[in-house]
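Working notes, structure below.
All residue numbers refer to positions in the sequence shown, counting from 1.
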Amino acid sequence: MKMLRIRLLLAAIFISTAGVAQYDNEPVELKMPEERFELGVNISPAALLLMGGLPIHTRTGIYAKWMVKPYKQYRLGLNYEIEDRYDRELNEAPTMWTDSTITLLYNSRNNYRYDIHLGVEFFKPNVPFTMVYGFDAVVGFNHIENHTFTKELYEDPDYDYQLVPSPFMQETEDFAIVDYMYFGVDFSVGPKFNFSKNINIMFQWSPELLYERPIRESYSDITQRTTPPRSDLYFNMRGFEAYLQFRF
């Protein structure tokens, strides 16, 4: 809840600053440039890693844009996101043990998203700095895997009674896989810095309103389906992202 309030406060400051910066009295030249196509790459994960951080949700993507008016262009985006992932070695839990053996339970979860954004954006033309406002229709696919592994270790006298995988019990695995389709809309706002007529950087905040419904299920054991997946309507706040864009 505290993080949500901080994000809302930052968003309010961001949008209010945007309004002041966008609607100043500086005259603009309504002239179509020769370079009307733009290609943008989401550099947020790389930027965070270079600064020593670790993205919580690693989303990469690419945008293609084409200008139809000096202050307006259409855009098409493709995104891939690792929303939740952890390896089984990081969350082992003992479930049974004797004088010479121990049984460990591991969990593994993978959650991937793929989506397409199609929309329009507006900005102040022919200036070094401008605020960009946009709207998109969103269609995507969400793949969620949950795996549970059981492995027995025992004290091997040939290795000074160290714990090693037991040759008497094979590792077992159970899994539950659910695929979702989702669609909705997003709104985006952020500053764009034009370094030249061919290169610019844009910082964007793009919250989404999405409706998600399950389309496929798969289980190693159907008795694991204790809670059936359901459709859901939710608001995704998202964070700020940086795009390096090339105009040609």
Specify the closest pair of heavy atoms between [X] and [Y], including all atoms of both residues, with the distance to one decimal.
| X | Y | result |
| --- | --- | --- |
| Arg225 | Tyr219 | CG-OH, 3.4 Å |
| Ile43 | Tyr243 | CG1-N, 4.4 Å |
| Pro125 | Pro70 | CB-O, 2.9 Å |
| Thr130 | Lys124 | OG1-N, 2.8 Å |
| Met32 | Lys69 | SD-C, 3.3 Å |

side-chain contact (heavy atoms from CB on, under 4.5 Å) evaluation trace for Val120 with Tyr133: CA-CA 8 Å; Val120 61; Tyr133 304 90; over 6 Å; no

Please set out all donor-acceptor pairs under 3.5 angstrom arising from side-chain atoms of residues 60-67, sequence neighbours excluded.
unit_1, atom_1, unit_2, atom_2, d
Lys65, NZ, Glu121, OE1, 3.2
Lys65, NZ, Glu121, OE2, 3.3
Lys65, NZ, Gln245, OE1, 2.8

Suppose we screen for salt bridge (charged side-chain N to carboxylate O under 4.0 Å, His left out). Which residues come up paired with [X], at least two apart in sequence or across chains?
| X | result |
| --- | --- |
| Lys72 | none |
| Arg213 | none |
| Arg113 | Glu83, Glu212 |

Should Ile116 and Val138 be marked as a side-chain contact (heavy atoms from CB on, under 4.5 Å) after you check the CA-CA gap, both sets of side-chain angles, and the distance that decides it? CA-CA 6 Å; Ile116 299 175; Val138 182; over 6 Å; no

Might you confirm whether atom OH of Tyr71 has over 12 heavy atoms from other residues, nucleotides or ligands at distances under 6.0 Å? no

Tell me whether the count of non-hydrogen atoms from other residues, nucleotides or ligands lying under 6.0 Å of CZ in Phe37 goes above 12. no

Main-chain N/O of [Y] paired to [X] side chain as donor or acceptor, under 3.5 Å:
| X | Y | answer |
| --- | --- | --- |
| Asp186 | Asp136 | yes |
| Arg247 | Glu35 | yes |
| Asp221 | Thr223 | yes |
| Ser220 | Phe175 | yes |

So do the side chains of [X] and [Y] get within less than 4.5 Å of each other, counting heavy atoms only?
| X | Y | answer |
| --- | --- | --- |
| Glu208 | Val185 | no |
| Ile215 | Tyr180 | no |
| Arg238 | Gln204 | no |
| Pro228 | Arg230 | no |
| Val68 | Gln73 | no |

Going hydrophobic residue to hydrophobic residue with side-chain gaps under 4.5 angstrom, can you get from Tyr114 over to Ile177? no

Same cluster or not: are Tyr234 and Phe141 linked, directly or through other Ile, Leu, Val, Met, Phe, Trp or Tyr residues, by side-chain heavy atoms under 4.5 angstrom apart? no

Between Tyr182 and Asp115, does the side chain to side chain donor-acceptor pair (under 3.5 Å) criterion hold? Intermediate values first, please. CA-CA 9 Å; Tyr182 61 89; Asp115 59 40; 3.1 Å; yes

So, for Phe187 and Phe135, is the gap between ring centers shorter than 6.0 Å? yes

Are the aromatic rings of Tyr211 and Phe183 close, with centres under 6.0 Å apart? yes

Partners passing side-chain hydrogen bond (donor to acceptor under 3.5 Å, both in side chains) against Glu173 (at least two apart in sequence or in another chain): His147

Take Glu38 and Asn200 through the test side-chain contact (heavy atoms from CB on, under 4.5 Å) and record every step on the way to the result. CA-CA 10 Å; Glu38 194 170 76; Asn200 64 73; 3.0 Å; yes

Go through the steps for Tyr74 and Leu118 under the test side-chain contact (heavy atoms from CB on, under 4.5 Å), then give the verdict. CA-CA 8 Å; Tyr74 296 128; Leu118 179 62; 6.0 Å; no

So that I can tick it off, tell me whether Glu145 and Arg109 are bridged by a salt bridge, with the cut-off set at under 4.0 angstrom between side-chain N and carboxylate O. no

Geometric class of the Tyr112/Tyr80 ring pair [parallel <30°, tilted 30-60°, perpendicular >60°]: parallel

Under a 3.5 Å cutoff, is there a donor and acceptor pairing between the side chains of Ser188 and Arg75? yes

In residues 189-196, what donor-acceptor pairs under 3.5 Å come from side-chain atoms, sequence neighbours left out?
unit_1, atom_1, unit_2, atom_2, d
Asn194, ND2, Val127, O, 2.8
Ser196, OG, Asn198, N, 3.2
Ser196, OG, Ile199, N, 3.2

